[in-house]
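Because the structure is a prediction, the values reported are computed rather than measured. We're numbering straight along the sequence, starting at 1.
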Amino acid sequence: MTSLKNNKVMVILDNHITTPGWCCSAADGNGFFGDEYFDPQVWIQGLHKMATMATGFSNVIGMSLRNELRGPRQNVDDCTSAETVHAANPNVLVILSGLNYDKDLSFLWDRPVSVSFTKKLVFEMHWYGFTNGEAWQSGNSNDVCGAVSNEVMSQSVFLLEQGYPLFVSEFGIDERGTNVNDNRYFNCFVAMAAEFDWDSALWSLQGSYYLREGVVGMEEYYGLFNYRWSGVRNSSYLRRISVLQLPFQGPGGQPTVAHKVIFHPLTGLCVLRRSRWSSLVLGPCRYSEPWSYTPQNALSLVGTRLYLQAVELGKPASLGTSPTDPGARWEMITASSTCRPRPETGAPFAWA
């Protein structure tokens with residue numbers, strides 16, 4: 001941690017698994033309090049020791065109490081060790097995970113966590129393409145995105161609307177680009193991440209392992225680095241996730257009146273205009289002007305009488321002067337809350 005501190009890298013400590021090995025399964029004995037390898041008292045002692053040690057490192061900003069609670073013993077009655085960590089180190093954020101592999105925090109609808117401290121409790125969730133099996137590959141992308149987004153909202157993202165901090169502490173895809181399930185999931189993930197402006201952590205950085213599950217030199221296709229750790233595995237993927245590092249909402253953004261932008265999840269860019277009458281382009285979202293969705297089902301630049309038009313597949317989008325012009329009417333895809341031209345002429349865009 002000293003080296004990370006010297007290089008100005010902030011750290012979140014994560015109590016991942018008790019027995020060394022690849023994580024996780026419901027039957028690995030590490031899933032919940034009282035499992036074969038999950039002694040609550042030993043766990044609390046370990047957290048206290050790590051929290052105490054971290055007091056000497058200002059770059060340690062948080063502690064995640066346990067990764068991916070799971071298995072047949074899981075319930076909402078067992079207490080956490082949040083108070084233990086806070087007492088040992090009052091400077092770190094205390095991060096609580098959900099049930100069912102860190103995807104379900106819905107018990108907080110009725111049972112808020114009661115702690116003695118304020119302004120440092122954070123909740124975390126994980127979301128991958130495989131979280132929902134092969135649904136993305138086998139179903140209609142927009143329908144699946146709508147259904148899964150609703151599920152994510154009801155299980156975890158509702159906390160943001162209630163004013164609680166929520167940290168998406170794991171997400172990622174097979175960066176080779178050949179996994180249809182992952183590719184479709186990620187378009188939905190990026191759109192939702194932009195809309196709610198949540199903070200997140202990518203799984204993973206490493207391009208390969210010395211040893212994993214008995215295999216020497218296994219490659220990690222979810223890794224940001226390539227196999228030899230000598231460069232980025234997928235530069236377009238890096239560009240897309242880099243967009244999410246910039247704030248779509250405060251704090252940290254440029255002072256502005258809250259407004260909607262037209263975000264393209266497939267590229268991580270927003271619709272921009274270079275001049276009043278030029279063709280529209282995709283570019284950095286920080287340069288986007290405000291848009292509105294009119295009662296005529298048109299997308300209008302706020303403060304102007306200009307409307308987004310997409311007349312023909314393969315032709316550049318442009319600006320027109322009437323909401324009833326050909327190609328100026330846009331329908332909302334109900335399931336995923338994205339917009340597409342009517343009739344459909346291309347990939348959908350998302351509000352953010």
Side-chain angles (χ1 to χ4, degrees), residues 1-14 16 22-23 59 61-62 64 67 102 124-131 136-137 141 167-213 215-248 252-253 261 263-272 281-288 347 349-350 352:
M1 290 194 294
T2 299
S3 178
L4 293 170
K5 180 180 178 181
N6 292 341
N7 286 279
K8 300 180 179 180
V9 176
M10 293 185 289
V11 176
I12 292 175
L13 300 178
D14 176 40
H16 207 74
W22 185 250
C23 183
N59 61 317
I61 61 169
S64 177
N67 174 69
D102 210 355
E124 66 174 325
M125 61 170 277
H126 294 175
W127 184 15
Y128 291 98
F130 55 75
T131 301
W136 299 95
Q137 182 171 342
S141 297
F167 175 45
V168 183
S169 53
E170 282 191 29
F171 76 95
I173 63 171
D174 183 336
E175 295 178 38
R176 292 174 293 181
T178 57
N179 187 315
V180 175
N181 205 64
D182 273 5
N183 294 343
R184 292 178 177 176
Y185 139 81
F186 196 57
N187 288 335
C188 188
F189 175 91
V190 171
M192 212 168 170
E195 179 180 0
F196 289 97
D197 197 30
W198 59 45
D199 291 318
S200 56
L202 172 71
W203 176 268
S204 61
L205 181 67
Q206 70 272 13
S208 58
Y209 302 87
Y210 290 122
L211 179 69
R212 172 180 155 183
E213 299 175 279
V215 178
V216 176
M218 180 184 289
E219 188 162 5
E220 177 55 81
Y221 296 116
Y222 278 55
L224 196 62
F225 285 126
N226 59 25
Y227 178 80
R228 298 187 178 277
W229 298 56
S230 59
V232 173
R233 181 180 300 275
N234 185 324
S235 59
S236 63
Y237 178 65
L238 178 61
R239 184 183 68 245
R240 291 176 72 186
I241 62 174
S242 296
V243 172
L244 301 177
Q245 292 180 288
L246 300 174
F248 283 85
V261 299
F263 179 69
H264 190 233
L266 191 61
T267 60
L269 301 173
C270 285
V271 174
L272 311 177
V281 297
L282 291 173
C285 292
R286 63 180 178 273
Y287 299 128
S288 180
F349 290 78

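Distance check, rounded to the nearest 0.5 Å: CH2 of Trp136 to OH of Tyr185 gives 8.5 Å. Put simply, OG1 on Thr267 and CG on Asn187 are 9.5 Å apart, with the number rounded to the nearest 0.5 Å. For the atom pair OG of Ser169 and CG of Asp199, the computed distance is 11.5 Å after rounding to the nearest 0.5 Å. Expressed to the nearest 0.5 Å, how far CG of Asn67 lies from CD of Glu124 amounts to 7.0 Å. Considering CZ of Phe248 and SG of Cys285, their distance stands at 4.0 Å, rounded to 0.5 Å. To the nearest 0.5 Å, the span separating CD on Glu175 from CD1 on Ile241 amounts to 7.0 Å.
Nearest heavy atoms, Ser208 versus Trp229: OG-NE1, 3.1 Å. Closest of all the heavy-atom pairs between Asn181 and Gly129 is ND2-O, 3.3 Å. Phe263 and Cys270 get closest at one heavy-atom pair: CD1-SG, 3.8 Å. In terms of heavy atoms, Pro284 sits closest to Leu269 at N-CD2, 4.2 Å. The heavy-atom pair separating Leu272 from Gly283 by the smallest distance is CD1-CA, 3.4 Å. Among all heavy-atom pairs drawn from Ser236 and Asn234, the shortest one is OG-OD1, 2.7 Å.
Between Val190 and Arg240 the shortest side-chain heavy-atom distance falls below 4.5 Å. Put simply, the side chain of Val9 does not reach to within 4.5 Å of the side chain of Asn59, judged on heavy atoms. Annotation: side chain of Met192 is in contact with side chain of Trp127 (closest heavy-atom distance under 4.5 Å). At least one side-chain heavy atom of Leu202 sits less than 4.5 Å from a side-chain heavy atom of Tyr237. Residues Trp203 and Glu220 form a side-chain contact, since some pair of their non-hydrogen atoms from C-beta on lies under 4.5 Å apart.
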>> Could you walk me through whether Tyr209 and Val215 satisfy the side chain to side chain contact (heavy atoms under 4.5 Å, CB included) test, starting with their C-alpha distance in whole Å, then the side-chain angles of each, then the deciding distance to 0.1 Å, before giving a yes or no?
In response: CA-CA 9 Å; Tyr209 302 87; Val215 178; over 6 Å; no

>> Walk me through whether Leu282 and Val271 qualify under side chain to side chain contact (heavy atoms under 4.5 Å, CB included).
In response: CA-CA 5 Å; Leu282 291 173; Val271 174; 4.2 Å; yes

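For Met1, the CE atom sits in a packed shell: over 12 heavy atoms of surrounding residues, nucleotides or ligands are nearer than 6.0 Å. Within a 6.0 Å sphere centred on OH of Tyr287, other residues, nucleotides and ligands contribute 12 heavy atoms or fewer.
Judged purely by atom type and a 3.5 angstrom limit, Asn183 uses its side chain to pair as donor or acceptor with the backbone of Gly177. Judged purely by atom type and a 3.5 angstrom limit, Tyr227 uses its side chain to pair as donor or acceptor with the backbone of Gly217. In this structure, the side chain of Arg239 does not engage the main chain of Gly268 through any donor-acceptor pair within 3.5 Å. For Arg233 (side chain) and Leu224 (main-chain N/O), no donor-acceptor pair under 3.5 Å exists by modelled atom type. Between the side chain of Asp174 and the backbone N or O of Asn179 there is no donor-acceptor pair closer than 3.5 Å.
Across Phe171, Phe189, Phe167, a single residue satisfies ring pair (Phe, Tyr, Trp, His ring centres under 6.0 Å) together with Trp198, and that is Phe189.
The residues Glu219 and Arg176 are annotated as not salt-bridged, no charged nitrogen and carboxylate oxygen being separated by less than 4.0 angstrom.
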